[in-house]
S.K.: 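One structure follows; several queries about it will come next.
In what follows, chains carry the letters A, B, and so on, assigned in the order in which the sequence lines appear, proteins first and then strands, with residues in each chain numbered from 1.
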There are 2 protein chains.
Amino acid sequence: MRYFLVVVGLLMGSVISQPTAAVEYQSQQLQSKLLKETRQYLIALPEGYAQSTEAYPVVYLLDADEQFYHMASLLQFLSQGAMPQIPKMIIVGINNTERMRDYTPTHTLVLPSGKKGNPKYLQTGGAGRFLDFIEQELAPSIHSQLRTNGINVLVGHSFGGLVVMEALRTDRQLFSAYIAIDTSLWFDSPHYLTQLENRVDKGDFKQKQLFMAIANNPLSPGFGVSSYHRDLNLAFADKLTKSPPQGLSFAAKYYPDETHQSVSHIGLYDGIRHLFKDFAIDIYAETFSKQQVIDQYRLLSERFGLRVTPPQQYLEQLIQYSERQHLSDRKQSLESLKAYFAGVKSNEALR
Amino acid sequence: MRYFLVVVGLLMGSVISQPTAAVEYQSQQLQSKLLKETRQYLIALPEGYAQSTEAYPVVYLLDADEQFYHMASLLQFLSQGAMPQIPKMIIVGINNTERMRDYTPTHTLVLPSGKKGNPKYLQTGGAGRFLDFIEQELAPSIHSQLRTNGINVLVGHSFGGLVVMEALRTDRQLFSAYIAIDTSLWFDSPHYLTQLENRVDKGDFKQKQLFMAIANNPLSPGFGVSSYHRDLNLAFADKLTKSPPQGLSFAAKYYPDETHQSVSHIGLYDGIRHLFKDFAIDIYAETFSKQQVIDQYRLLSERFGLRVTPPQQYLEQLIQYSERQHLSDRKQSLESLKAYFAGVKSNEALR
């Protein structure tokens, strides 16, 4: 491949430079005592991390081997430029070893149709321990070495969505926001789904956010061509919409034109925009004022269950932008906001 | 930055591997006689290019410095896996030298408000020559060295959208499909927009496709906070929707929650999905049959103005998938389709 490109380059009269990376990331590993194995993960630091003193949210992406590249690139795009839509974040993608073990919350040997599952089903039921690994080994390692601000988001697709649901169900304190994309709710149905519904009925979620993306998936394992998988997702989302559990901020979106695979990009897009919907400061809004921004961030903080403040770097960017655009009143308000938020202790739990 | 990461790695007890790239691409350059300068561009080949004999569509991305990374990553995501939504494509991102010269179709020194533009306005009016460069120098170089299938898509955002509109207006034969994202239709308004509208009124487009993405942009150069820019886009899209010009397949989408900057990702997402909406073969559709797929690709071919066939590699992937899923009737139809399309001369102009 490399040879081929060099040849093309010479024929085209071109000079070939080194490929540069869209998202700069590193592969790292950790020896897990809980899982008794070495775990690989990918980590991308926000642009400008080394030059700043800011603390950042952390987003954990499951199924990193398949999902990290397009998801990290999307998160980077949405957080860059003068008018970002979401904060810059530390992105951690967790690679798989035994996916069937780590991504299933209960142990079962059968599919919901009653058919026997494949031999991998012998391993099922390890999602609790996998979440222990994230909470007790991976996250502490990241928090101790990098500047994190207490916001932790977990993103999972398909079986990864089950890990997300299990974290919500078992009140994992690490995460304050979840994105579950076309979750395999058919797994161990109806037993696991009943456990999940029971937890939801209990309410008392202490300020968590959940966004569900649901594809128009024509398949359900064990049933073949069947809307069983899709309909369980739609019904669960409907239940949460109609009877919102106390302390859980919930939203869902159904994608009639997306498949189980294709929904993972647009599901993250809409999910992350939704979770951070009060992040962007619109200096052109007619309602813009210092107080309006403070109120907006109070809403954002309530949803995350901890004090969220606009990054100082972001406010500085807006100040410089306002200066270039000769918006002196905006500039003045932003400077006042920057001073105000510099004095607010962020990261404080509101729960 | 690199040093910092190594330190983190050691503290975390991790082994740092080389960063790997989400999208593998190369920076190349070309000496342009038309522009009398060296032009840089980025090129990403489809996964598996070297191992295949397929010919691929080419998508040209303008403003590569800002747009290439997230756009190429998105195009790669949508074209991968067993059930891709769009074909694998050769992605060419063109870097800028004098953007104000190359991306403006007419010469003007003033903003539509009557205010004098900045000194860069002295350069305006070079989009025609820039399109000559793409048609006569860049594209021939790519076509002669790589396996291209005759489908060429041009994607531009902001001023880049003006280049797209100018290519459409001046009947550039190279491109059969266009994506114009939040186009700066305010530029040299009303003169340029009138030229564009006159061309549209003439019709006779010989099978072109245009998708317009429109943001809720609160700004218009020269007018400050004003919906002038947005409203010109909405009105032009409305005109094309209500009086579709002969030979132009048109669609537009308005994004109330996107800014001029943020719309470039989702605009490409919806645009490329729309252009290739008959590409994906849904083997689970109740209507699936050999004839239905042939009919579907006839529609796709008509929209592109040339014979489009499903890549043999894609059909082979579906055959293998059907075998794994024990869908013997699907497998048989797909094998028959593969043989059928192997005998169809693709790339033939239908205009």
Side-chain angles (χ1 to χ4, degrees), chain A residues 1 4-5 8-9 11-31 43 45 49-50 66 68-70 72-74 76-78 81-85 141-142 144-146 218-219 224-225 257-262 264-266 269 273 280 282 284-285 325, chain B residues 1 4-5 8-9 11-31 43 45 49-50 66 68-70 72-74 76-78 81-85 141-142 144-146 218-219 224-225 257-262 264-266 269 273 280 282 284-285 325:
Chain A
M1 181 71 151
F4 168 76
L5 279 164
V8 169
L11 289 172
M12 285 180 159
S14 310
V15 172
I16 308 282
S17 69
Q18 285 302 306
T20 49
V23 174
E24 273 194 34
Y25 63 92
Q26 308 281 336
S27 179
Q28 304 197 355
Q29 62 184 42
L30 189 71
Q31 192 57 42
I43 186 160
L45 295 181
Y49 181 93
E66 283 186 14
F68 185 82
Y69 315 104
H70 73 95
S73 162
L74 173 60
Q76 189 184 61
F77 169 77
L78 286 171
M83 304 280 172
Q85 300 299 313
S141 169
I142 285 161
S144 68
Q145 308 298 334
L146 298 171
L219 291 180
V225 179
D257 296 328
E258 301 292 348
T259 67
H260 183 61
Q261 291 309 318
S262 73
S264 73
H265 193 82
I266 193 75
Y269 188 97
R273 289 288 293 265
D282 183 0
Y284 291 112
Q325 303 291 323
Chain B
M1 183 69 151
F4 169 77
L5 279 165
V8 169
L11 289 172
M12 285 180 160
S14 311
V15 172
I16 308 282
S17 68
Q18 285 302 306
T20 48
V23 174
E24 272 194 35
Y25 62 93
Q26 308 281 336
S27 178
Q28 304 197 355
Q29 62 183 42
L30 190 71
Q31 192 58 41
I43 186 160
L45 295 181
Y49 182 92
E66 283 186 14
F68 185 82
Y69 315 105
H70 73 95
S73 161
L74 173 59
Q76 189 184 61
F77 169 76
L78 287 171
M83 303 281 174
Q85 300 298 313
S141 168
I142 286 162
S144 68
Q145 308 298 335
L146 298 171
L219 292 180
V225 179
D257 295 330
E258 301 292 346
T259 67
H260 183 61
Q261 291 309 319
S262 74
S264 73
H265 193 82
I266 194 76
Y269 188 96
R273 289 288 292 265
D282 183 0
Y284 291 111
Q325 302 291 323

S.K.: For a 4.5 angstrom cut-off between non-hydrogen side-chain atoms, does I266(A) reach I266(B)?
M.R.: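 When only atoms from C-beta onward are counted, I266(B) and I266(A) do touch, with a gap below 4.5 Å.
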S.K.: Who pairs with Q85(A) by side chain to side chain donor-acceptor pair (under 3.5 Å), at least two apart in sequence or on another chain?
M.R.: R273(A)
S.K.: Identify which of F77(A), Y284(A), Y269(A) forms the greatest number of heavy-atom pairs closer than 4.5 Å to chain B.
M.R.: F77(A)
S.K.: Do you know which of L219(A), V225(A), T259(A), L74(A) has the most heavy-atom pairs with chain B at a distance under 4.5 angstrom?
M.R.: L219(A)
S.K.: Against chain A, work out which of A280(B), S262(B), P218(B), A285(B) has the most heavy-atom pairs shorter than 4.5 Å and name it.
M.R.: S262(B)
